[in-house]
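Everything on this sheet refers to the single structure shown next.
In this chain, numbering begins with 1 at the start of the sequence shown. Below, each value reflects all heavy atoms present in this structure, side chains not excepted, and no hydrogens, waters or symmetry copies.
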Amino acid sequence: MIRARVALWTNVTLLLICLGLLAVACSVPESNQSVSFYVNGEKLKQPPAVDLVDGEPMVPAAFLESTFKSKLEWTLENPGTNGIYYSDKVAVLMYHDISDKTAKKTNNAEAESAISLDLFKEQMELLKADGFHVISIDQYADFIANKGNVPDNAVLLTFDDGYESFYTKAFPVLKQHNYPAVNFVIVSGADNADKPKQVGRPKMTWTQMREMQKSGMSFYNHTYDSHKYGVMRADGLTKPVLTRHQYLKKEQRVETDEEYHTRVKTDLEKAEQHLKAELGNTKGIIAFPYGAYNAEVLDILKEVGISLSFTVKEGINGRGQTNGFRVNGAREGESAKQLMEKLKALDLDNAPVMVHMDGQNAAFKEQPYKGPNGVMIPLKEYCKMKGMKFSWSKHKKQYKITATAA
C-alpha cells in the first residue's frame, strides 16, 4: 500500500512539473520557420521567419514594411538603466550620402537615400550622450580576429560609396567628436574623381582621403567597378553583378563558371591594388554592394587577401563574425532617439518594444518584441489594422493574406 501511494504521488508530481513547464513554454516564442506564405494568392519564394506566441503568429517588422509598404518604428519599452547595453560586441552603423536637406524617399534595397546633415549631427551627439563608444576599423578587425578587446557599447561608423559629402559634411562632424570612421570606396569612382565630368554624385579624391587618414578616417573596398546591376538572362533580368553570372548579349550566352570567377576576382584584386598604392592599406576589408554575396564570392575574398566583409543585414557582431552585420543609420523617418533605442536593444532577445505604425501608436494586444529575427509583430492584428484578410492553418503551417483593393 505504501509503495502504491509513493508511486501515485511520484506520478502526480511529475505531471504537475510537466504542466508547469508547458505553462511557461506557452509564453515563450516558438520557432516555426518551415511555413508556406501566400500574399494575394501568390506563394512567396522566401517566406518570413514566424514565431508562435500563445498560438499567435509573429513576423518580422521588416517583412511587413517591404511587402505592404508600411512604416514601423519602435523603441524599447523598458530601457536599461545601468548604461551598459552590450559587452564584448560591436554595433556597426551604415551610411551613404549626406545632404543639407531632408532625405528623399527611395525604394532602393540598399537604402541609399542621403541622411540630412542636421540629423547626422544629432545622432553623433547622442552616441556620446547615451554612453556609446566609437571605435576604429583597426580596433574592430583585431576584435573580430580575437586579438583585442573593445569597450562596452562599442560602435563602428561605416559609410559606403565614397561620396564627396563624406569629406565636405561628415568629416568635420566626426573630427569635432574625435570619432574615427571607415568609408568603403567604389575605387573606379575615386580614380575618376579628378576628371571634369563625373558619373553620378561627386566622389572623393585620393588626395582628400589621404588628408582624412591623418585624422583617423580609413578607406576600404566597395569593389573596383562592380557596384551595379547587370543583365543575367536573355529576357533582361538584372541582378548585382558581383553575385551573378552575366549574360553576354553579343554571344547570346551566360558567362561560364570560370569567366564569372575570373571577372569577380580581377575586379576585387584591382580595387585592393589601388587602395594599397594610393593609401598604403595593409588589410583587406570589403562592404558588399547592395549587401549581395554568395559562397563563391566569400571564397574569392580569401584568394585576394580580404579577411573581413560587411553586409546590410541588421544585427550585432561578436568575435569571429568575419561577415559583419550593420544597422542603417539613415533609415527614412527614423529619429536620432529611435536609432539609439535600436542600438540599445540589438543584443536583447525577446525585449518588449513599443511600436508606431505609419506614424501612429499601434496598440497591439499581443506584445511586440525584439527577437533574433528583428522586431516581431503580431500578424493577425496587423492585418486587421490594415484592413487585410488573413487566414492560417497551424496544421499545414500555411498563411494567407489578401490585401483589399484601395
Side-chain angles (χ1 to χ4, degrees), residues 21-77 107-109 111 237 239 290-292 311-315 325 327-328 331-334 342 345-346 348-406:
L21 291 173
L22 182 60
V24 172
C26 286
S27 63
V28 177
E30 173 191 346
S31 179
N32 186 24
Q33 300 283 354
S34 301
V35 300
S36 297
F37 234 96
Y38 293 82
V39 175
N40 293 329
E42 183 177 347
K43 185 177 181 180
L44 301 185
K45 293 181 180 179
Q46 293 184 327
V50 178
D51 288 345
L52 292 178
V53 178
D54 294 334
E56 292 294 323
M58 309 284 286
V59 297
F63 164 73
L64 299 176
E65 287 185 309
S66 61
T67 306
F68 303 109
K69 309 306 178 188
S70 279
K71 181 180 175 184
L72 294 162
E73 303 294 338
W74 61 272
T75 56
L76 279 175
E77 187 170 86
N107 292 322
N108 190 300
L237 177 69
K239 295 287 183 181
Y290 317 109
T311 68
V312 298
K313 294 179 181 179
E314 188 172 294
F325 301 109
V327 175
N328 184 10
R331 196 166 182 269
E332 184 194 359
E334 187 171 74
K342 181 175 289 186
L346 278 178
L348 296 177
D349 285 346
N350 301 323
V353 297
M354 294 179 287
V355 176
H356 283 74
M357 185 169 74
D358 300 325
Q360 301 294 323
N361 180 50
F364 294 104
K365 294 179 181 178
E366 190 65 59
Q367 175 68 59
Y369 59 90
K370 163 69 172 56
N373 296 304
V375 172
M376 305 299 284
I377 304 294
L379 180 59
K380 186 176 180 180
E381 290 185 71
Y382 171 85
C383 290
K384 184 177 181 180
M385 290 179 180
K386 298 289 286 186
M388 299 187 296
K389 295 181 180 179
F390 170 75
S391 64
W392 66 293
S393 168
K394 185 176 180 180
H395 176 68
K396 295 181 179 180
K397 294 184 178 180
Q398 187 177 92
Y399 301 82
K400 294 182 179 181
I401 300 174
T402 303
T404 57

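- Side chains of Lys384 and Phe390 form no contact here, defined as non-hydrogen atoms less than 4.5 Å apart.
- Taking each heavy atom of Gly315 and Val327 in turn, the nearest pair found is O-CG2, 4.1 Å.
- Closest approach of Glu381 and Ala363 over heavy atoms only: OE1-O, 4.3 Å.
- Within the model, atoms NZ of Lys389 and SG of Cys383 stand 12.5 Å from one another, a figure rounded to the nearest 0.5 Å.
- Leu64 CG to Ile401 CD1: the interatomic distance, rounded to the nearest 0.5 Å, is 7.0 Å.
- Relative orientation of the Tyr399 and Phe37 rings is parallel, given thresholds of 30° and 60° on the angle between their planes.
- Taken to the nearest 0.5 Å, the CG atom of Leu72 stands 6.0 Å off from the OH atom of Tyr382.
- Without hydrogens or angle criteria, Ser66 side chain to Phe63 main chain gives a donor-acceptor distance under 3.5 Å.
- Counting all heavy atoms, side chain and backbone alike, Gln367 lies closest to Val353 at NE2-O, 2.8 Å.
- Residues Ala362 and Met357 come closest through the heavy atom pair CB-CB, 4.1 Å.
- Under a 4.0 Å N-O distance rule, the pair Glu332/Lys71 does not qualify as a salt bridge.
- Look at Glu314 and Lys342 and you find a salt bridge, because one of the NZ, NE, NH1 or NH2 atoms lies within 4.0 Å of a carboxylate O, short of that distance.
- One finds a salt bridge joining Asp358 and Lys386 here, because a Lys/Arg side-chain nitrogen approaches an Asp/Glu carboxylate oxygen to under 4.0 Å.
- By the 4.5 Å heavy-atom criterion applied to side chains, Lys43 and Ser36 are counted as neighbours.
- Going from atom CH2 of Trp392 over to atom NZ of Lys400 covers 14.5 Å, rounded to the nearest 0.5 Å.
- Side-chain atoms of Glu56 do not come within 3.5 Å of backbone N or O of Glu366 as any donor-acceptor pair.
- Remark: side-chain polar atoms of Lys370 are paired, donor with acceptor, to backbone N or O of Leu346 under 3.5 angstrom.
- Across every non-hydrogen atom of Ile377 and Phe364, the tightest pair is CG2-CZ, 3.7 Å.
- The main-chain N or O of Ala403 is found under 3.5 Å from a side-chain atom of Asn40 such that the two form a donor-acceptor pair.
- Contact between Ala49 and Pro60 at its shortest, heavy atoms only, is O-CD, 3.1 Å.
- Interatomic distance, Asp51 CG to Leu379 CG, rounded to the nearest 0.5 Å: 12.0 Å.
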